[in-house]
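Here the structure comes first, spelled out in structure tokens, and everything after it is commentary.
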Amino acid sequence: MPNNEMPKAYESKLYEDEIYAAWEKSGFFNPDNLAGEPYSIMMPPPNVTGVLHLGHALENALMDAMARYQRLNGKKVLLVPGTDHAALPTQAKVEKMLMEGGMKNPRQELGRDKLVEKIREFAEASRSTILGQIKKMGTSCDWSRLAYTFDDSRNIAVNELFRRLYNDGLIYRGYRVVNWSTKGQSTCSDDEIEYIERASVLYTFKYSKDFPITIATTRPETKLGDTAVAVHPGDERYQKYIGQTFVVDVGAEKPLEIKVIADEGVDPTFGTGALGVTPAHSQVDFLMYEKQKVSGNPIGMIQVVGIDGKMTKEAGSYAGLTVEEARAKFVGWLSTQGLLEKEPEEIVQNVGTHSRYKDVIEVLPMTQWWLDVQKVIPSKGKSLHDLMAEALTTGLDGDASKKVTITPERFTKLYLARVANLRDWCLSRQTWWGHRIPVWYRGEETFVGNGSPEGDGWEQDPDTLDTWFSSGSWTFSTLGWPEKTVDLQAFHPTSWMQMGYEILYLWLMRMVLMSTYALGEIPFKDAYIHGMLRNESGKKFSKSDANGIDPLDIIEKYGCDALRLCVLSGNTPGNDSRFSVEKIESSRNFVNKMWNISRFILMSVGDTTSSNSVAPTTVADHWILGRLETVTNQTGKLIEQFDFSLAIETLREFIWNDFADWYLEIAKIQQKDEALKTSTNEILLYVLKQSLILCHPFMPFVSEAIWKEFGTGSFVMVEKWPKVNGFFDEASEKQLVALQELIIAIRNVRSQYKIEPKKLMDVVFVVNEASREFIELNREVIAALARVNADFVLVEKYEAAASDMSVVLKDVTVFVKMETVVDAEKEKVRVEKEIAELTSYLESVAQKLSNEEFRSKAPEKIIAQMEEKQREAQEKLKKLST
RNA sequence: GGGCGGCUAGCUCAGCUGGUUAGAGCACUUGCAUGACAUGCAAGGGGUCAGAGGUUCAAAUCCUCUGCCGCCCACCA
């Protein structure tokens, strides 16, 4: 039954929560209640470090648009919701809050259990906020399968993965240099380092007077731990020293033994061509240390900086000083000894900082747990590194169906470059929040497994796992792995994944690693990489700055659909985009337009129980149904190409321009004609319903709210995506366009000569064979839309009066009768301008067409097109000239 | 040091597997309370597609170089 009570404007607040609840209750978020081919998306789990921001709104809009589109296409869609415990970041966040609350050292003051409890409280609060926000965003996820990277099932998956990797010899415990955050008192992986540009001072000096080689460094204090100087093997200046060991006094109580070694990696043309080697405090130098060891010509390793960021007792008289104090002291000593070879030089340097604790990373040697990415996996005959590369190139085992495709493609290159340079992954963290390393020790014994071992005296490793270890298994841990579940069988590999480019290395790479290793499967077939949302002036939204916008505020004010449209429009793969008030208003207006189109149709049609079959009669009928078909095809194709922005633009243009501005206006005239009324109403309903389905992936709430007005009790959410119906026909499209041009041209005259909108103008149409019937057929429509008297005459010849204005079109010339003679001069200028434009256009066309090479080389279709245009322009010019 | 992306209407961005007289939204100008919508309707104005070369019958679109802006990577001590 029609509802005449629909409010004039769509008020999102009145509908959204109720509709979401109804969707949930319907059970259609759960694929078990759907039929068809499985389609799965795993939601990138938001970190419980805080609440959701606009970036998450974008992600939810992307995922949900895809999920809803696939559901409408009859797929058995699974969208798994979840959150990430974000081990170190969450602990860092809570510690920061505690410290802001007055605590000096939360770890010391609270102890492990109490601090973990505090973090858990924070995480749980954050988690429940986040889950509520996801619902507010309208995301159609299956809440019965809700997952958390830190819940029991995921813990089992994590431990099992660790156990398998350990048994395959890929996870090992080793003493190597690590990236160390003094502030966070923990290691971090290479991927968690953020490089920042910083002013620094380069010192060039000799260790002692009798040492023959000059070196340079920005970290003089670490030179107290030097054990070698490396030179290029071919460097003639230093060749004679290679292999020699010098004992040098650096004024730190303990003399250093410096061996001169040869290394191909040293650039003889850079600086002094010699490199002081500090194995304990440099990644590169450590590699040299390892290389020397293997070659049977070992060098020493001295750790002079400790985990507290202070000099160790190995640094002799420097022990206990901070690195800055030690640097000043050592540089002072060098200076008084006259060892500085030249003035300290101010340079700009990239320095690695911890992404969460923000302090400068110290490189230190420690015993930690590592994942070897190069070692050959016994059962596979290749390394993790090989698997990661294969999955993005040839497909796993050369099987193209097991290939991950990234959109946009350029990120594939970035990924592969990174994989090529991958070092072993440091897995253990000294922070307390996270999956505890599943390893137990008892004396010399080590136990690795799922759950503590039998017997007394076992102690579990105190460290926790890098948080990305658990997120890496997300695509399958969410499906019940390591059990061979029905879900795993049906939904893995997942169908589609979307994420921001900033976690390409951190996450995408690790998902590929885990999935290819554990399942021999890719984690997903397609990965869509989106850019970052920035504020109006192009700045990054950041939590600390005040420019953060809460998506919930936006939803409250403009509605969820508007927010979704806003973040998706103008957003192309891999590129950042901006969020602005103007943009969200524009989106909100479109939502409201949809509402009002529906309001008009529901109010004017009466019986809304459409038969779903239509019988087009008029040109406009044929045209709108044809357009609907074209747009249906285009939209589907665009979504499948992940071009959401263009899909929305296509829909907007159809719904607003074609359907609302033209068809609805024409329909109003047709509704007055008893013979056309029924068929027109059927078409209005049909096009509206199909449009609601097309829009549903992007504006789920308003489409569902309107659908409800039909009173069928069904959900648009589980309707069928429109099928090609065979209505498109080119002739109708051309005719309608001609009709539009005619009406616009007459309106233009009114506008230009300031004729009152209400006044019906008198016109005469000069027609030819081709146009007479067409004009006659559309007499009513032309009269109403151009606001001219409907009794206009059609003639073949017309003697224009001085006061007549003429409008020249392809097969028809319209004379608008004016009350007085208009400014003849002005009109002459207008016509002359038009003639001039046409003439110059014709010239350029003629030039092309007379070009022999164009005629011989261009495709026939192009030539024909151009000739057609030439004919049209010539005809128009001829008429204008008379 | 290497690599990548961007530079198109006042603003935000499409178009870029070469071929419509280059598009959209917002903003702007003019007019309009028309009975779906002023969160609207109608009619308009506005761009030598960063610059310079080149390839081609034809370039915003392909190639080269330059200039800004931004991002990523790297063991330059």
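Just so it is clear, the values below take in all heavy atoms, side chains as well, and ignore hydrogens, waters and symmetry mates. First the proteins, then the strands, lettered A, B, ... as listed; each starts at 1.
- Residue K593(A) places at least one side-chain N or O under 4.0 Å from the OP1 or OP2 atom of C41(B).
- Here, C49(B) and C62(B) have their P atoms 15 Å apart, quoted to the whole Å.
- Distance noted for atom C1' between G54(B) and G70(B): 28 Å (whole Å).
- Between K668(A) and G35(B) there is no side-chain polar atom (N or O) within less than 4.0 angstrom of OP1 or OP2.
- Look at C16(B): it lacks any Watson-Crick or wobble partner with both distances under 3.5 angstrom.
- Within 4.0 Å (heavy atoms only), K8(A) reaches sugar-phosphate atoms of the nucleic acid but no base atom.
- Between W595(A) and Y10(A), the ring-plane angle classifies as tilted under the 30° and 60° cut-offs.
- Cation-pi geometry between K869(A) and Y841(A) is not met at under 6.0 angstrom from the ring centre and within 45 degrees of the axis.
- Between the side chains of S586(A) and N589(A), no donor-acceptor pair is found at a separation under 3.5 Å.
- Contact annotation: T272(A) side-chain N/O to A77(B) OP1/OP2 distance is not under 4.0 Å.
- RNA chain B is contacted by both I215(A) and Y10(A); Y10(A) maps to the nucleotide lying nearer its 5′ end (nearest heavy atom per residue).
- At most 12 heavy atoms of other shown residues, nucleotides or ligands fall within 6.0 angstrom of atom CZ in R198(A).
- Of all nucleotides listed (C75(B), U39(B), C73(B)), U39(B) comes nearest to the side chain of A9(A).
- Note on R578(A): a side-chain N or O is less than 4.0 Å away from OP1 or OP2 of U12(B).
- We find that CD1 of I755(A) is positioned 14 Å from P of C32(B), with the value rounded to whole Å.
- Within the 4.0 Å cut-off from OP1 or OP2 of C41(B), not a single side-chain nitrogen or oxygen of W662(A) is found.
- Look at N575(A) and you'll find a side-chain N or O under 4.0 angstrom from OP1 or OP2 of A14(B).
- In this structure, of G19(B), C41(B), G5(B), it is G5(B) that holds the atom nearest to the side chain of R410(A).
- A 3.5 Å limit on both hydrogen-bonding distances identifies C32(B) as the Watson-Crick or G-U partner of G40(B).
- Here A33(B) is the nucleotide among C26(B), A33(B), A77(B) with the atom lying nearest to any side-chain atom of K758(A).
- No donor-acceptor contact under 3.5 angstrom links the side chains of Y663(A) and D658(A), judged on distance only.
- Judged by centroid separation below 5.5 Å and plane tilt below 30°, F854(A) does not stack onto the base of C57(B).
- Note on N589(A): a side-chain N or O is less than 4.0 Å away from OP1 or OP2 of G40(B).
- Contact check, N748(A) against G44(B): a side-chain N or O comes under 4.0 Å of OP1 or OP2.
- Listed pair R588(A) / U39(B) fails the phosphate criterion, with no side-chain N or O lying under 4.0 Å from OP1 or OP2.
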